[in-house]
Amino acid sequence: MRYSRLFNQTLRTSPAQSEAASHQYLTQAGYLRPLASGIFAYLPLAQRTLRNIASIIREEMEAIGGQEVSLPIVHPAEIWQQTGRWYTITAEMGRFKDRNGHDMVLAMTHEEAVAAIVHDVIQSYRQLPALIYQIQLKWRDDPRPRAGLIRAREFTMLDSYSLDRDEEGLEVQYQAHYNTYHRIFERCELPVIAIQSDSGMMGGVQAHEFMYLNPIGEDTIMLCSSCSYAANRQVATFQKDHNSSEDLKEVEKIVTPEKKTIADLVEFLQISPKRTAKAVFLMAEMHGTEKLVLALVRGDMELNEAKLAHAIQASGLRPATEEDILLSGAVPGYASPIGIKNTLVVVDDQIPHLRNLTVGANQSGYHLKNVNFGRDYQTDIIADIVSAEEGFLCPQCGHPLSSQRGVEVGNIFKLGTFYSEQMECQYLDENGASKPIVMGSYGIGLGRLMACIAEEHHDENGLCWPLQVAPYNIHMLSIKDKDGAVQPTAEDLYEQLLAAGISVLYDDRDISAGVKFNDADLLGMPYRITISARALSNGGIEIKSRSNETSHILPREQVLPYLQKIASRH
RNA sequence: CGGGGUGUGGCUCAGCCCGGUGUAGAGCGCACGGUUCGGGUCCGUGAGGUCGGCGGUUCAAAUCCGCCCACCCCGACCA
C-alpha cells in the first residue's frame with residue numbers, strides 16, 4: 001500500500017479526551033475514530049490488524065475442531081424470553097420493535113441464538129461432540145464505556161460454543177479452549193493469566209477469565225505469590241480466622257448514642273472491629289420480585305455483592321433505602337438479625353465461628369454485646385459473602401494475597417445444561433433416551449485484545465506491533481535526494497516486495513524525512529526500511545526493527561530474501 | 001444513576017471571569033506557490049467555524065442567566 005493512497009490521517013497531537021495509551025495512539029495514528037460513546041469506526045489500519053488477529057483465532061479454533069458459523073445480531077425476543085434473560089437483563093440489552101411491532105433484541109451474546117439453531121440441527125449422539133464458533137458483533141449498552149476499545153458498547157467478539165453428550169465431553173472441550181486461548185494470546189504476544197472467575201449473567205458452573213495484568217484494567221485480581229492461586233476478586237476466597245474457643249457469655253444491652261457506624265462504635269467501646277458484626281441491607285431481585293436482604297459480616301470485612309448474589313440466586317442487587325429497612329423492623333445504624341422480620345438473612349460463614357460479637361440492638365442508641373450465632377439468632381443461609389483484600393491469607397497455602405488490576409480479554413464457561421434445557425436442545429443417546437446437550441461457551445473480545453496489545457507494545461513514539469498482528473510487516477520509506485537515484489530504487493523495490501507477497505506500507509509522499517520517520521514510529525510496523533542517498537552510498541538499504549534503536553545496511557540484492565525470511569515467520 | 005470536568009474548523013487550544021476591537025483568533029493539519037531535504041524545515045497566499053442546542057436578559061451575547069444534549073474521568077454497574 002502506498003501511504004499517499006492510505007485512507008487515514010495521523011494527528012500531530014493526541015486527542016485530549018483519552019487517558020489510555022492504547023486509545024491515544026490508536027486515535028493519533030489514524031486506526032480509530034469515535035462515532036459515539038463506546039462506538040468506534042475502525043479505519044483500514046485497524047481493520048487489517050483485527051483481520052490478522054482474527055486469522056490467528058480462526059487457525060487455532062479450526063485446530064481444535066471448531067467450525068465457523070455466522071449467527072444473526074438481531075434476534076426475536078422470544079428466544080431471550082425462553083431463557084428468561086429478556087426479563088433478568090435490563091438496561092444493558094438493546095431492544096427495538098420491528099415494523100410489525102414484534103419485540104427484537106440486539107445480540108449481547110449468542111447462547112440463545114446458538115441453542116435455537118442447535119435445537120434444529122442436533123438430533124443424535126452421533127453428531128456429538130461438536131464445536132461451532134463465530135467472529136461477530138455484539139451490542140451491550142454498558143453504563144460506562146471507557147478507555148476506548150478496552151470497554152466499548154459495540155464490539156466484535158470471538159464466541160464459540162461446545163456441544164457434548166456429558167460432563168466428561170465438556171471437560172475435554174473446556175480444556176482444549178483453555179490451552180488454545182493461551183496459544184492465541186501467545187501468538188498475539190500478549191501476556192495473560194487464567195484466573196477463576198464469576199459466571200455472572202451467563203449462568204453456569206465453572207469459569208476462567210484470561211486477564212492481561214495492567215493498571216488500566218477494571219477487574220481486581222487476587223494473586224498468591226507462593227502458590228498458583230489466582231482469582232477475580234468477585235470470587236476470590238481466603239482463610240478466615242476464628243475465636244470459637246471462647247466461652248459463650250451472656251448477652252448484654254449497652255447504650256451507644258449516635259454510634260451508627262462500625263468506626264464510631266469501636267472507637268466508643270474501645271474494641272477491635274473484629275469483635276463486631278455489621279448488617280448490610282440490600283434489595284435483591286429474585287424471581288421477578290424484590291426482597292430485602294440483611295447480610296451479616298464481621299465488622300472489618302467488606303460485603304462482596306457478587307458472592308451474595310450467587311448465594312441467594314439473585315439476578316440483581318441494589319442498596320436498600322431507609323424506608324426499605326424500616327419495614328423489616330430494623331433500625332438503620334443499629335441493625336442486626338435479632339428480632340427482624342420479612343427479611344432474608346444471609347450470614348457470612350465466618351460468623352458462626354466467632355463468639356461474643358457486638359451487634360446492633362435494633363433499637364436506636366443501643367447495641368448488644370456477646371451475641372452468638374445459633375444461640376441468639378439463626379438463619380437458613382450461611383455462605384462466603386465477603387471480599388478478599390490484599391494481605392488476606394491464600395485459601396490454598398496461607399500466604400498473604402496481593403491484588404492487581406487486569407483487563408479481561410477472554411473467558412471460558414462451563415454452561416452445563418441450562419440453555420439446552422430452557423431451549424429444549426436434546427439428543428437421543430444409544431439407548432434412544434432423550435438427553436440435554438451439555439454446553440460450554442467461550443469468548444475473546446477482538447477490539448479489546450487489539451487495544452491490550454497496543455497497551456503492551458508501545459513506547460513514547462508510538463505503537464510497536466508484534467509481527468503477527470501488525471497491519472503491515474514492513475514500513476518502507478524513501479528520502480528524496482538531489483540526483484534522483486532514490487526514487488527509482490524505492491519504486492523498484494516496492495514492486496518487488498509486492499510481487500513477492502510481502503505486506504508493505506510504502507511512504508511515497510513528497511515530504512520531509514522527519515515527518516516520515518515520525519509517522520513510521522507512530523504507526524508501529526515491526527520493520528522499517530529506508531531508501532536514501534546516504535544508505536545507497538553506504539552500500540545499500542537501511543533496515544531497522546521498530547523495537548530496536550539500531551539499524552543496519554543491507555546490500556540491495558539481499559533485501560528481498562531478508563524480508564522474505566522475516567515475513568515467513570508471519 | 002451519583003460525583004467531577006469539558007464542549008470554539010479535522011486535531012490541540014486562547015478569548016468567557018469583567019458583554020461592545022467593527023468579517024471570531026493562534027498553532028498543527030489541509031490546498032496552492034516557493035524553499036529545504038536523515039527525525040514533524042522555513043516563507044507567502046488561501047479554503048475551512050450554526051462558538052454543542054434551545055430559550056431568556058440586553059441597544060448589543062462565544063462571553064451573563066435557565067433548561068437540555070453530547071463527550072471524558074471517578075464511583076455504582078458490567079461475559
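Note on naming: letters A, B, ... go to the chains in the order of the sequence lines (proteins, then strands), and numbering restarts at 1 for each one.
Of the inter-residue distances, the one linking A:M423 atom CE with A:F418 atom CZ reads 10.5 Å to the nearest 0.5 angstrom. Considering CE of A:M476 and CD1 of A:I531, their distance stands at 3.5 Å, rounded to 0.5 Å.
In the set B:U41, B:C78, B:C11, the nucleotide with an atom closest to the side chain of A:R33 is B:C11. Minimum atom distance to the side chain of A:D521 is reached by B:G39, of the listed B:C11, B:C71, B:G39. When distances are taken from the side chain of A:R528 to each of B:C37, B:G39, B:C77, the shortest belongs to B:G39. The side chain of A:S37 sits closest to B:C71 out of B:C77, B:C11, B:C71. The A:F517 side chain lies nearest to B:G39 when the options are B:G39, B:C37, B:C77. Side-chain proximity of A:N518 to the nucleotides B:G29, B:G39, B:C37 is greatest for B:G39. Considering only side-chain atoms of A:A36, the nucleotide from B:A76, B:C71, B:C11 that sits closest is B:C71. Picking from B:C11, B:U41, B:C28 the nucleotide with the shortest atom distance to the side chain of A:R12 gives B:C28.
Where A:E408 and A:K516 meet RNA chain B, the nucleotide closest to each residue was compared, and A:K516 sits on the side nearer the 5' end. For the pair A:G410 and A:K480, both in contact range of RNA chain B, the more 5′-proximal nearest nucleotide belongs to A:K480.
Pairing for B:U23 is absent, judged as Watson-Crick or G-U wobble with the two contacts each under 3.5 Å. Pairing partner, B:A47: none, since no Watson-Crick or wobble contact has both distances short of 3.5 Å. Pair check for B:G75 finds B:C1; Watson-Crick or G-U wobble, both atom distances under 3.5 Å. Figure legend. B:C28 is base-paired to B:G10; pairs are counted as Watson-Crick or G-U wobble with both atom distances under 3.5 Å. Under the Watson-Crick and G-U wobble criteria, each requiring two contacts below 3.5 Å, nucleotide B:G39 is left unpaired. B:G66 and B:C54 make up a base pair, with Watson-Crick or G-U wobble contacts both under 3.5 Å.
Put simply, A:S512 has a side-chain N or O that comes within less than 4.0 Å of OP1 or OP2 on B:U41.
Side-chain atoms of A:S162 and A:Y442 include a donor-acceptor pair closer than 3.5 Å. A:R85 and A:Y419 are linked by a side-chain donor-acceptor pair at a separation below 3.5 angstrom, with hydrogens and angles left out of the test. A donor-acceptor contact under 3.5 angstrom links the side chains of A:E455 and A:S22, judged on distance only.
The nearest whole Å value for the distance from the CZ atom in A:R546 to the C1' atom in B:G39 is 13 Å. Protein atom CG of A:D459 is 18 Å distant from nucleotide atom P of B:G39, rounded to whole Å. Nucleotide B:U41 holds its C1' atom 12 Å from the CD1 atom of A:I511, rounded to whole Å. Here B:G29 presents its P atom at 11 Å from CG of A:L11, a figure rounded to the nearest Å. In this structure, A:D219 places its CG atom 12 Å from P of B:A76, rounding to the nearest Å. For A:D510 and B:G40, the CG to P distance is 17 Å, given to the nearest whole Å. Regarding A:F40, its CZ atom lies at a distance of 11 Å from the P atom of B:C71, rounded to whole Å. In this structure, A:I216 atom CD1 and B:C72 atom P are separated by 14 Å, rounded to whole Å.
A:D519 comes within 4.0 angstrom of a nucleotide base, judged by non-hydrogen atoms across all strands. Among the heavy atoms of the strands lying under 4.0 Å from A:R144 is at least one base atom, whether or not backbone atoms are also near. At a threshold of 4.0 angstrom between heavy atoms, the contacts of A:A147 are confined to the sugar-phosphate backbone, with no base atom among them. Counting any heavy atom pair closer than 4.0 Å across all strands shown, A:E542 reaches a base atom. Contact annotation for A:A533: no contact, since no heavy-atom pair falls under 4.0 Å across all strands.
Comparing the C1' positions of B:G3 and B:A14 gives an interatomic distance of 29 Å, to the nearest angstrom. To the nearest whole angstrom, the two P atoms, one in B:C65 and one in B:G5, are 15 Å apart. Spacing of P atoms, B:G46 relative to B:C67, comes out at 44 Å, to the nearest Å. Going from the P atom of B:U63 to that of B:G9 covers 15 Å, rounded to whole Å. Nucleotides B:U58 and B:C11 have their C1' atoms positioned 36 Å apart, rounded to a whole Å. Comparing the C1' positions of B:G25 and B:C16 gives a spacing of 14 Å, expressed to the nearest Å. For the C1' atoms, the distance from B:G39 to B:U45 is 28 Å, rounded to whole Å. With both ends at atom C1', the span from B:G2 to B:U12 equals 31 Å, rounded to whole Å.
Using a 4.0 Å cut-off between charged nitrogen and carboxylate oxygen, A:K544 and A:E549 do not count as a salt-bridge pair. Salt-bridge annotation for A:D492 and A:R556: present, with a side-chain N of the basic residue lying under 4.0 Å from a carboxylate O of the acidic one.
Here the side chains of A:Y472 and A:M1 are in contact, with some heavy-atom distance below 4.5 Å.
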